[in-house]
Amino acid sequence: MSRITSLEQYHAEYRKSIEQPEIFWAEQAAEFTWRKKWNKVLEWNFTGPDVKWFIGGKLNITENCLDRHLAERGDQTAMIWEPNSPDEAGRKISYKELHAEVCRFANVLKKHGAKKGDRVCIYMPMIPELAVAVLACARIGAIHSVVFGGFSFSSLADRVHDADCRIVVTADGGFRGAKDIPLKSVVDEALKTCPSVTKVLVAKRTGVAVNMVEGRDLWWSEEIKTVSADCPAEEMDSEDMLFILYTSGSTGKPKGVVHTCGGYMVYVKYTFENVFQYNPGDVFWCTADVGWVTGHSYLVYGPLLAGATTVMFEGIPTFPDAGRFWHVIDKHKVNIFYTAPTAIRSLEAMGLDFVKPYKLDSLRVLGTVGEPINAEAWEWYHKNIGKEKCPIVDTWWQTETGGILISPLAGITKTKPGFATWPLPGVQPVLVDEAGNELQGNGVEGRLCIRFPWPGIIRTTYGNHERCRATYFETYKNLYFTGDGCRRDEDGYYRITGRVDDVIKVSGHLLGTAEIENAINEHPDIVESAVVAFPHDIKGWGIYAFCIDENGRKDVESLKKEIIDTVNKYMGPIAKPDKIQIVTGLPKTRSGKIMRRILRKIAEGETSSLGDISTLLDPAVVEEIVKGAVM
Ligand code: WTA
């Protein structure tokens, strides 16, 4: 695999990847362990869409993450686990140990009927068993669908249902800061509506009392005693599914983004090594939860494919205090640190006293992901954490892209605060206007699309290929549409400006407004609601909900509280509205469509420029909403 080490080389590799993509990617793929080499590198069209990489190739990704390293670095630490409480002992797991744990748990899954192609739902806290469960699925060719532990029972049930999972892997509970999360009881609630699930494997973490259903629920710790630590890896085709990961869409139902074995493997390792300029022996810490794609690609798969030491942190940045990240960096001598702008902003707001006690001198590279980073937060991170010597890689990508698409290469690409800079080799960005006309040259702003497939691109949305086509490949002919707005400045640098559709990024988490509205509407008094985003200093975007109360309740404050509880219950605390306004109507067009543009302006406090409201069914409603707006 070619590690790019200079700007000239970047340009040369980029050119090659565009002119001879198949040769370029075949070179990157050559260094992996394949059971059988591919016979064709790429076949594709974006109309189906139908994209296949490394056709005919046979492999197992866990052989590349684990077995391959045993001879050379079997005793090297593969994973450092840092628990929620700094007073609890963590774990260092070597490649040899991780290999054995994965094989054991793979045998447990097999014993309970999991086969190649079966879907396994994983709903766990950030404990090593989570990574083990992910890799164990991959070992036997079962398709993992990890659901973020912050989602509630109804979001979990939707996802279990959509993927028709038969097995759920969970834990009794999880620790997050000062809170205990009762994961198993959430699973119990979810499974009331998921009769297809026959086995639930439960890791013990918090020791909270749980209800174990006879014949269905089994303890992880008991089960692994009954199996061997030898589990030959299942032979997978390059295009067999590796995992499903649900992401929010403009409609209420989340989409199961599907990634396959070969292309994803090649792409995440290539991007991991090049973007972060990983050197053998580096300790790499990605703070994302494995419930999101960043955790899949750059906590589990990318670092392990590269033979790195990856850090998994169970807790939150502010527990026991806002110095925790910096404490962990010093403790484990982290070299590369990758986090979200929202975390940086919240720690910046806590003041430098939490940073000062720490040396942070092991750091070499810093990264950000998940949302645009504002220049102020970038400068703070650069100065106070990176001590002005660590390059920052602002990495732009999506669940659907599998890995990073636009990003500086650490220490190689000249950075500019707020810019993801240039596309990685193999990535061909295009900016178009709303009508789909390509915007040529520099100094332009439009919608970001990609013209050519890269190995980590989404293959389908689980169980509904048409949805994949309609969401990503239909808006602009022969282009993959990202849903993001983007500017290309005079230097050809890309700056992502944010979503142009009805999904919003709250603290770096992608949430569908329709999904939140559905949760709000579960409240018995709310007949209809509309959710929009408004700029928020720490979270990037906050959630503003306009809700129609059918019964005209007088106790508005308690109603608002109930609405928040309802969202917590049905979707999870990450979707909790920051502002709620009870209204008697919503601005709608004569055809009944909610005019979100107007609501967005009101939420942003820009009521002087609401634009033309004459086409509304009832313009008076706007006046009422403006008067009652929550600022
Ligand atoms: C946003 C997360 C600006 C963007 C990996 C994208 C970013 C969405 C950046 C995908 C960045 C991600 N700068 N915006 N560096 N990285 N985004 O699927 O809107 O959770 O479409 O994947 O996050 O979110 P997702």
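Order of listing sets the numbers, starting from 1, for every ligand and every atom in it.
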- Message: Show me which atoms of ligand 1 lie under 4.0 Å from any heavy atom of V369.
- Response: 5 (C)

- Query: Is it true that the side chains of S407 and T395 contain a donor and an acceptor less than 3.5 Å apart?
  - Reply: no

- Query: Is there at least one pair of N or O atoms, one from T399 and one from ligand 1, spaced under 3.5 Å apart?
  - Reply: yes

- Message: If we set the cut-off at 4.0 Å for heavy atoms, which region of E371 has an atom near ligand 1: side chain, backbone, both, or neither?
- Response: backbone

- Message: Between ligand 1 and D484, is the shortest N or O to N or O distance under 3.5 Å?
- Response: yes

- Message: With a heavy-atom distance limit of 4.0 Å, tell me whether H509 approaches ligand 1 through its side chain, its backbone, both, or neither.
- Response: neither

- Which protein non-hydrogen atom lies closest to atom 10 (C) of ligand 1, naming both residue and atom, and how far is it? W397 O, 3.6 Å

- Within 45° of the six-membered ring axis of F151 and under 6.0 Å from that ring's centre, is NZ or CZ of R159 located there? yes

- Contact between G370 and ligand 1, counting heavy atoms under 4.0 Å? yes

- SG on C449 to CZ on F473, rounded to 0.5 Å: 10.5 Å

- Note on the structure: The answer for which part of V293 has a heavy atom under 4.0 Å from ligand 1 is side chain

- Task: Return a yes/no value for G508: is any of its N or O atoms, backbone included, closer than 3.5 angstrom to an N or O of ligand 1?
- Result: no

- Quick one: which ligand 1 atoms are inside 4.0 Å of a heavy atom on T395? 9 (C), 11 (C), 15 (N), 16 (N)

- Hey, would you say the W25 and Y270 ring centroids sit under 6.0 Å apart? yes

- Query: Would one find an N or O of T247, backbone or side chain, under 3.5 Å from an N or O of ligand 1?
  - Reply: no

- Message: A cation-pi test, strictly: NZ or CZ of K255 under 6.0 Å from the centre of the six-membered ring of Y246 and no more than 45 degrees from its axis. Yes or no?
- Response: no

- Please verify whether a non-hydrogen atom of W292 lies at under 4.0 Å from ligand 1. no

- Query: So, do H296 and Y301 have ring centers that fall under 6.0 Å from each other?
  - Reply: no

- Before signing off on this row, confirm whether T482 and ligand 1 have an N or O atom pair separated by under 3.5 Å. no

- Message: Distance under 4.0 Å to a non-hydrogen atom of D394: what atoms of ligand 1 satisfy this?
- Response: 11 (C), 13 (N), 15 (N)

- Identify whether NZ of Lys or CZ of Arg in K269 sits under 6.0 Å from the centre of the six-membered ring of F32 and within 45° of that ring's axis. yes

- Task: Would you mind listing which atoms of ligand 1 come within a distance below 4.0 Å of any non-hydrogen atom of T294?
- Result: 5 (C)

- Task: Starting from atom 8 (C) of ligand 1, find the nearest protein heavy-atom neighbour and note its residue, name and distance.
- Result: K505 CE, 3.5 Å

- Task: Run down the list G485, A340, P372, G540 and name the one with the heavy atom closest to atom 3 (C) of ligand 1.
- Result: P372

- Item | Contact check, side chains of V147 and C121, non-hydrogen atoms, under 4.5 Å | yes

- Can you spot which of I61, L304, L130 makes a side-chain contact (heavy atoms from CB on, under 4.5 Å) with L135? L304

- Is it possible for you to check whether K579 lies under 6.0 Å from the centre of the six-membered ring of Y544, through NZ or CZ, and within 45° of that ring's axis? no

- Query: Where's the contact between T368 and ligand 1, heavy-atom distance under 4.0 Å: side chain, backbone, both or neither?
  - Reply: neither

- Do the ring centers of W53 and Y267 come within less than 6.0 Å of each other? no

